[in-house]
Student: 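Would you mind keeping the following structure in view while I ask a few things?
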Amino acid sequence: MLKKLFSKLNTKEVSEAQDDQIVMNESIDDTVASIKKIVGGSDDIIQRDFLIGKKIRATLFFVDGLSDSDSIEEDVLRPLINFTDVSRYDKKTEFIKYLETEVVTFSELKTEGSLEKAMVPFLSGETILVIDGIKELILLETRKFNERNITEPESEIVIRGPRDGFVETLHTNVLQVRRRVRDPNLTVQFGILGKKSKSDFAILYLKGVANEEHIKEMRYRISCIDNDQIIDTGTMEQFIEDNVLSFFPQILRTERVDKTVMALMNGQVVVFHDGSPFSLIAPVTFHMLFRSPEDYYDRYFVGSLVRSLRYVSAFVATFLPAIYIAMVSYHQRMIPTTLALSIAGSREGVPFPAFIEALIMEVTFELLREAGVRLPRAVGQTIGIVGGLVIGDAAVRAGIVSPIMVIVVAMTAIASFTLPDYSVSTTSRILRFIMMISAAVLGLYGILIVYIFINIHLVGLKSFGTYYTSPFAPYRFEEWKDLVFRAPLSLLKDRFSELNPKDKKRQGE
């Protein structure tokens with residue numbers, strides 16, 4: 001009896017397994033049934049049965065909205081229905097080639113022997129053509145791209161320079177780069193990422209310039225991503241960066257086409273992800289995060305002045321509130337007498353120590369910044385005005401904070417906005433709070449201790465095998481001519497050696 005029961009259960013399992021089996025053979029009914037078993041429950045999957053030359057059964061499958069239905073009608077259905085030379089069908093091995101060259105007018109047509117492999121291009125907009133008597137599936141490039149117009153990147157605005165930025169469509173972004181780099185060595189490699197999302201990505205590099213090890217490392221790290229969905233380059237960045245616990249960005253992201261092209265010319269590797277207007281650039285060093293394409297569009301002394309101001313701004317944005325707290329709380333004798341009296345007078349009546357006072361203002365500022373970003377643009381500007389003027393003035397009048405603290409926080413905020421990379425600005429915000437706490441505990445000694453630990457961390461940090469602090473450490477003085485200050489372009493003949501490019505020369509003698 002037990003033997004019969006087990007036999008029945010086994011028979012049932014085998015039967016269920018056969019039901020789930022995907023069948024592909026010369027019979028169109030079996031293949032269509034297998035496709036419908038996979039995607040048939042979805043209402044946006046369009047199935048179109050027809051006869052090629054009024055004799056041969058065929059079926060089209062495409063996704064409504066993702067595929068160009070007008071092109072399918074004009075370039076596929078109409079030529080196939082009106083097809084007359086059905087005698088070609090007798091030689092099935094040559095029939096697909098004949099359709100491609102003589103009947104269907106699509107530029108890209110390919111065959112696929114696996115239904116599982118055909119699902120990825122199908123769900124991204126390609127059309128599946130099933131023909132009775134032919135085992136292979138025919139995939140037609142019928143994808144339709146709906147995208148927003150190319151506009152100026154809002155997060156990286158320049159006064160002088162091109163105004164085009166990336167959009168959310170992968171192929172458009174690749175085309176924008178290709179339009180700027182008309183070099184046959186520009187290599188684009190596409191791939192699919194995400195176990196469930198199956199989204200497209202592309203790796204770009206300049207063959208003969210980019211280091212082979214960096215290209216291989218990028219491919220390897222992306223291939224190691226084992227996640228259901230990758231929605232944006234920001235998610236991808238967190239999987240492939242070297243040190244996930246570091247506050248400092250080890251991969252540069254930008255919306256600017258010219259900045260991406262410059263990176264390719266330097267020998268860096270670029271990654272795009274479909275659905276994201278940001279490109280990822282690796283490897284990077286710390287000083288590359290302070291560069292803007294505009295530095296090279298103006299004359300060298302203008303570019304040098306602006307770039308050096310960014311380093312000063314980064315210092316102010318990170319250290320100014322902490323230094324103020326340390327000087328007021330522990331080191332009053334270091335402040336000139338007149339200024340000390342002025343600060344003491346302004347703080348008269350404030351019930352909080354300098355640290356709490358700074359903390360209140362910094363947290364308030366961060367809240368206003370986040371509210372301004374999340375709200376609609378017109379309302380966000382109003383929030384900024386209300387927060388900056390009304391709340392700041394009201395807080396001073398109420399005696400909660402001193403006027404000089406409002407000046408310190410305002411200078412810090414302005415300095416943080418001058419940094420060209422948003423991720424660096426975010427890092428500066430985090431470090432600012434750490435510095436404030438260290439200053440409240442140990443004064444200037446606390447700031448110095450944290451500063452030393454940050455430098456130790458930075459010296460050991462790497463981006464795809466490249467030292468993050470180069471050319472400061474390792475020390476390469478000959479490359480300082482394009483660091484804090486920028487030398488004239490005629491003197492910048494070599495590429496950055498820390499990237500170890502295959503072609504080290506940027507321009508001739």
Side-chain angles (χ1 to χ4, degrees), residues 241-252 283-291 307-335 353-359 361-363 366 405 408-409 411-416 418-480 482-485 496-498:
E241 63 185 354
D242 288 63
N243 189 340
V244 296
L245 299 178
S246 176
F247 294 137
F248 293 89
Q250 298 134 59
I251 296 175
L252 181 64
V284 295
T285 58
F286 184 64
H287 78 273
M288 289 180 182
L289 303 174
F290 289 85
R291 287 183 181 178
R307 189 184 290 179
S308 59
L309 278 175
R310 288 192 205 112
Y311 283 88
V312 175
S313 298
F315 179 84
V316 171
T318 308
F319 291 98
L320 183 60
I323 292 174
Y324 174 79
I325 293 168
M327 299 288 276
V328 171
S329 304
Y330 293 96
H331 313 284
Q332 298 88 348
R333 293 183 179 179
M334 296 177 67
I335 307 174
F355 171 66
I356 300 297
E357 192 184 357
L359 197 62
M361 288 304 295
E362 287 291 344
V363 171
E366 294 297 334
M405 178 54 73
V408 169
V409 173
M411 288 181 63
T412 306
I414 293 170
S416 66
T418 62
L419 301 178
D421 190 277
Y422 182 74
S423 54
V424 177
S425 176
T426 307
T427 302
S428 171
R429 289 158 64 185
I430 297 170
L431 292 179
R432 187 189 311 151
F433 284 97
I434 297 174
M435 288 292 179
M436 286 167 55
I437 295 170
S438 62
V441 176
L442 293 173
L444 288 178
Y445 299 107
I447 296 173
L448 283 172
I449 290 170
V450 175
Y451 177 71
I452 290 170
F453 276 110
I454 290 174
N455 278 280
I456 292 172
H457 169 69
L458 285 176
V459 168
L461 197 61
K462 286 187 177 182
S463 170
F464 285 72
T466 300
Y467 283 104
Y468 196 63
T469 50
S470 179
F472 294 113
Y475 178 74
R476 292 192 178 92
F477 183 70
E478 67 275 9
E479 294 186 353
W480 283 31
D482 191 17
L483 201 61
V484 180
F485 300 100
F496 186 46
S497 63
E498 185 60 34

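The analysis underlying the following values was restricted to heavy atoms, covering all of them including side chains, and did not include hydrogens, waters or symmetry mates. All figures in this text were calculated on a predicted structure; none of them were measured in a lab.
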Student: Is any side-chain heavy atom of F290 closer than 4.5 Å to a side-chain heavy atom of L419?
Tutor: yes

Student: Give, for atom CD1 of I434 and atom CZ of R429, the distance between the pair rounded to the nearest 0.5 Å.
Tutor: 13.5 Å

Student: Considering only heavy atoms from C-beta outward, does the side chain of I323 approach that of F315 to under 4.5 Å?
Tutor: yes

Student: So, for W480 and F472, is the gap between ring centers shorter than 6.0 Å?
Tutor: yes

Student: Keeping to residues at least two apart or across chains, list the side chain to side chain donor-acceptor pair (under 3.5 Å) pairs with something in residues 311-320.
Tutor: S313-T418, T318-S428

Student: Test your reading of the model: is there a side-chain donor-acceptor pair from R432 to the backbone of A317, 3.5 Å cut-off?
Tutor: yes

Student: Can you tell me how far the CE atom of M288 sits from the CG atom of D421, to the nearest 0.5 Å?
Tutor: 13.0 Å

Student: Would a 4.5 Å heavy-atom cut-off, applied to side chains only, mark L431 and F248 as touching?
Tutor: yes

Student: Do side-chain atoms of S308 reach the backbone of F485 as a donor and acceptor pair under 3.5 angstrom?
Tutor: no

Student: Using every non-hydrogen atom in the two residues, find where R307 and D482 come nearest and quote the distance to one decimal.
Tutor: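 Minimum heavy-atom contact is NH1-OD1, 2.9 Å.
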
Student: Please tabulate, one pair per line, all N/O donor-acceptor pairs under 3.5 Å involving side-chain atoms of residues 328-335, not counting sequence neighbours.
Tutor:
unit_1: S329; atom_1: OG; unit_2: I325; atom_2: O; d: 2.8
unit_1: Y330; atom_1: OH; unit_2: A440; atom_2: O; d: 2.6
unit_1: Y330; atom_1: OH; unit_2: V441; atom_2: O; d: 3.0
unit_1: H331; atom_1: NE2; unit_2: L444; atom_2: N; d: 3.0
unit_1: Q332; atom_1: NE2; unit_2: V328; atom_2: O; d: 2.7
unit_1: Q332; atom_1: NE2; unit_2: S329; atom_2: O; d: 3.3

Student: Could you check if a side-chain atom of S470 sits within less than 4.5 angstrom of a side-chain atom of F496, using non-hydrogen atoms only?
Tutor: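 A side-chain contact exists here, since the closest heavy-atom pair is under 4.5 Å.
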
Student: T466: which residues meet the side-chain hydrogen bond (donor to acceptor under 3.5 Å, both in side chains) condition with it, sequence neighbours left out?
Tutor: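 Scan of T466 (side-chain hydrogen bond (donor to acceptor under 3.5 Å, both in side chains), adjacent residues dropped) gives none.
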
Student: I want to check something: taking the side chain as every heavy atom from C-beta on, are P321 and F433 in contact at a cut-off of under 4.5 Å?
Tutor: no

Student: Using side-chain heavy atoms (C-beta onward) and a distance below 4.5 Å, is M435 in contact with I454?
Tutor: yes

Student: What distance do M361 atom CE and M405 atom CE have between them, rounded to the nearest 0.5 Å?
Tutor: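 M361 atom CE to M405 atom CE measures 8.5 Å (nearest 0.5 Å).
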
Student: Measuring from I251:CD1 to S423:OG, what's the distance to the nearest 0.5 Å?
Tutor: 10.5 Å

Student: Can you name the salt bridge (charged side-chain N to carboxylate O under 4.0 Å, His left out) partners of E498, sequence neighbours left out?
Tutor: R476

Student: Is any side-chain heavy atom of S438 less than 4.5 Å from a side-chain heavy atom of I449?
Tutor: no

Student: I'd like to know whether CZ of F477 has more than 12 heavy-atom contacts from other residues, nucleotides or ligands below 6.0 angstrom.
Tutor: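 No, CZ of F477 has 12 or fewer neighbouring heavy atoms, counting only those of other groups under 6.0 Å.
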
Student: Any side-chain heavy atom of T412 sitting closer than 4.5 Å to one from E362?
Tutor: yes

Student: Among residues at least two apart in sequence or on other chains, which ones pass side-chain hydrogen bond (donor to acceptor under 3.5 Å, both in side chains) with Q250?
Tutor: none

Student: Sorted by first residue and then second, give each side chain to side chain donor-acceptor pair (under 3.5 Å) pair with at least one member in residues 456-465; sequence neighbours left out.
Tutor: S246-H457

